[in-house]
Novice: 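Attaching a single structure in structure tokens format; questions to follow.
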2 protein chains.
Amino acid sequence: MKVVTIKDIARLANVSVTTVSRVLNHRPDVNPETREKVERIIEENSFVGNQNARGLKQTSEVVGLIIRGRSNPFLNSLAEAILDCAASLSDFFVTEYIDEKADEFETALRMTKQHRIKGMIFVGSLIDDRVHAIHGLEIPVVFTTVNAMAASLKNASSVAVDDRSMGRLVGEELLSLGHRKIAVFGSNPVAGDSLAMRFLGFCDAYADRGLTFEHQYYRECRFSMEAGYAAAREYFSNHSDTTALFAMSDAVAIGAIRALKDLGRNVPEDVSVVGFDGIDLCRFTIPRLNTVEQPVEEIARRSVNLLLDMMEKGAAPRHILVNAFYRSRDSVAAPHILP
Amino acid sequence: MKVVTIKDIARLANVSVTTVSRVLNHRPDVNPETREKVERIIEENSFVGNQNARGLKQTSEVVGLIIRGRSNPFLNSLAEAILDCAASLSDFFVTEYIDEKADEFETALRMTKQHRIKGMIFVGSLIDDRVHAIHGLEIPVVFTTVNAMAASLKNASSVAVDDRSMGRLVGEELLSLGHRKIAVFGSNPVAGDSLAMRFLGFCDAYADRGLTFEHQYYRECRFSMEAGYAAAREYFSNHSDTTALFAMSDAVAIGAIRALKDLGRNVPEDVSVVGFDGIDLCRFTIPRLNTVEQPVEEIARRSVNLLLDMMEKGAAPRHILVNAFYRSRDSVAAPHILP
DNA sequence: AACGATATCGGTAACGTTTCCGGTAATAGA
DNA sequence: TCTATTACCGGAAACGTTACCGATATCGTT
């Protein structure tokens, strides 16, 4: 199978490969007539540049995308938005999914070497101690859905919702309805990360009313329906007086609602449930899920702009907080057993 | 940032680049001592081969993966299984997501040129008239979740569940419970594709009992919750006597259940619903969804084996039908309004 | 002792593209 | 008319890796 190369195009167009390359890269210094002729020949032969050869030159601006979890619909929609939004801006994207326990620094480093990547976006990453190793990458990176300010990495920007405010909003919503015994299902919070911030905000709402959140109402739980189910099953078997649940992910909330049903408790009549992220599914569950909707498009747009600024203009890292939106639906009600 | 290349390793190990390459590719003709030394140096410098340079050589066996729809959980889990299963077998995977309306031949052709791909797996593809263009690819391809036998492409294998049998099984299940007015939400069926087969099987079940399926009960519907919702909303507003629904995708079923609820009809008391695919979510919805579970791991394993056989041994295309499993849960019951 | 077989290794030419440097021709300015 | 500038283009060297071919050394055979 003969594949057509830039050399073939050059021969057919009676120009040098250099000129074809110039046309391909929209360089200004080529005669309009020549350009047109070359473009026609490219079109006729449906020539597509070989990405391997391009990538071999150290100059190409390939950017990497690391996504934690292929099955997470929220992260998937975010990744999709990023790719859409960068389609016209960057040369090429190489994306890689990693699982929950994978080390993102290791992955990033390997990708950098394997593909000569010049910038990286992390979708749904964790900020923990190991993240400081990102220093070693020496390429600009952007973290999404997590505020990396606290990590103070010199080559890392971040775009995230204002988790603390949103946590507070959820707390206020539930407290103002009269709930007092509220469970929180978070996951593995590290000082300064998104989850910790949401939780802090949630506690702020308590403090506003002179209340304090008691730790016995908190459960650690991975971000899956399965885990949400298991956590709720365990928790509500032992805490029958709890009237509300704040799940820090929609998947967890959906698993929990199912577990509550199996325990003979209805949502929202017996227990109110609030999720986080705002995945499509929330609009179709029974009951429809109250949740905090993350502005996926905005996060995507700002992330790629941030990365491009850093890559092309050498801009300094920035940490952007965007606004989220509390969406009220059918999974929250006042507790009918008043204290 | 200085990246270490095979040349650096060769220099540090006092061998030629050729020898390092041999070590990298596990060639037999290298002295064990030398091999060990080189491997040590590679390890010490955490050297990773440049994929671009590898891909530039026409010999590397890169395989492509085309997935229709990033947000489809079933296809995502299938893609994940394929990647897992091929991780050790192939040199490198390049995956690309396409949307509903994209032409898979165009995409495949571009990928082939752009990345010098030697084999391709389609995850969740459509078999329509255009697919014959895959001929032009001249590389072995495997279609998953669709039986490509009818298309009789000389370079294409396929792995799919026995759609016709499963369609029949669903039909039997519902008919034997006493349902007679059953809606079917499929999508855009082309002669010989998966959906058409499921539908044919469903009609078989009718025929077995001397009944015939009437076309007024059929609705076309894209594979999303949104579309399932809209279709159900329209359909059940006009067909209040229908007591069951066979949705050819779990997402459609879930959207439909929500629509039924909004119409004041409960599942399964008023309407029974059966889905297709067996995504995780089915176990957590209210009610839990009856569905046909596709054997994701088996489809994945057989697909990569098929492709590898074709790529390496030049094996002839084969079309494999695997067994699916009807999972009975809470969304199906006997109709309480008997005819 | 001469020979062939085998194990182990190195030099070099590709792969397809971009970039650097330089060259020619046309045009403008003096 | 001469020079300087500009527009446009081409040759050749890289990028990192692998494949091909050939070279040497060792060892067993006759």
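So you know, we letter chains A, B, ... as the sequences are listed, proteins then strands, and number each from 1.
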Novice: To the nearest angstrom, how far is B:R35 atom CZ from C:dA7 atom P?
Specialist: 14 Å
Novice: Using whole Å, report how far CG of A:D29 lies from C1' of C:dT24.
Specialist: 15 Å
Novice: Check this for me: does any side-chain nitrogen of one of B:E106 and B:R110 sit under 4.0 Å from a carboxylate oxygen of the other?
Specialist: no
Novice: Starting from P on C:dT17, measure out to CD on B:Q51 and report it in whole angstrom.
Specialist: 18 Å
Novice: Between the protein and nucleotides 14-16 of chain D, list the N/O to N/O atom pairs that are separated by less than 3.5 angstrom.
Specialist:
residue	atom	partner	partner atom	Å
D:dA14	N3	A:K57	NZ	3.1

Novice: If you compare every side-chain N and O of A:N25 against the phosphate oxygens of C:dT18 (OP1, OP2), does one of them come in below 4.0 Å?
Specialist: yes
Novice: Are the side chain of B:D8 and the backbone N or O of B:T5 linked by a donor-acceptor pair below 3.5 Å?
Specialist: yes
Novice: Salt bridge between B:E44 and B:R40, side-chain N to carboxylate O under 4.0 Å?
Specialist: yes
Novice: Is the backbone N or O of A:D103 less than 3.5 Å from a side-chain atom of A:T107, with the two atoms forming a donor-acceptor pair by type?
Specialist: yes
Novice: When you check the gap from the basic side-chain N to the acidic O, do B:E100 and B:R222 get nearer than 4.0 Å?
Specialist: yes
Novice: What integer distance in Å separates A:H26:NE2 from C:dT18:C1'?
Specialist: 15 Å
Novice: Establish, with yes or no, whether the OP1 or OP2 oxygen of D:dC8 is under 4.0 angstrom from a side-chain nitrogen or oxygen of A:T34.
Specialist: no
Novice: Just how far, in rounded Å, is C1' of D:dT6 from CG of A:N31?
Specialist: 13 Å
Novice: For B:S46, is there any backbone N or O sitting under 3.5 Å from a side-chain donor or acceptor partner on A:K113?
Specialist: yes
Novice: What's the closest nucleotide to the side chain of A:T19 if the choices are D:dA12, C:dT18, D:dC9?
Specialist: D:dC9
Novice: Distance check: side-chain N/O of B:R27 vs OP1/OP2 of C:dT8, anything under 4.0 Å?
Specialist: no
Novice: Indicate, with a heavy-atom threshold strictly under 4.0 Å, whether B:V15 touches base, sugar-phosphate, or nothing.
Specialist: sugar-phosphate
Novice: What integer distance in Å separates A:N14:CG from D:dC8:C1'?
Specialist: 16 Å
Novice: Which one, C:dT12, C:dC9, D:dG11, comes nearest to the side chain of B:V17?
Specialist: C:dT12
Novice: Think A:S16 has a side-chain N or O under 4.0 angstrom from the OP1 or OP2 of D:dG10?
Specialist: yes
Novice: Which dot-bracket string describes DNA chain C (Watson-Crick N1-N3 plus N6-O4 or O6-N4, or G-U N1-O2 and O6-N3, all under 3.5 Å; [ ] crossing; | other strand)?
Specialist: ||||||||||||||||||||||||||||||
Novice: Closer than 3.5 angstrom, by distance alone: can the side chain of B:S157 be matched with the main-chain N or O of B:H319 as a donor-acceptor pair?
Specialist: no
Novice: What I want to check is whether an N or O donor and acceptor connect the side chain of B:S21 with the base of D:dA19 at under 3.5 Å.
Specialist: no
Novice: Just wondering, are more than 12 heavy atoms of other shown residues or ligands nearer than 6.0 Å to CZ in B:R318?
Specialist: no
Novice: Does A:T18 or B:R22 map to a spot on DNA chain C nearer the 5' end, using the closest nucleotide for each?
Specialist: B:R22
Novice: Ignoring hydrogens and angles, tell me if any N or O in the side chain of B:T145 forms a donor-acceptor pair with the backbone of B:V159 under 3.5 Å.
Specialist: no
Novice: Distance-only, no hydrogens or angles: does the B:R35 side chain make a donor-acceptor pair with backbone N or O of B:V20 under 3.5 Å?
Specialist: no
Novice: Rounding to a whole Å, what distance do you find between B:R11:CZ and D:dT17:C1'?
Specialist: 17 Å
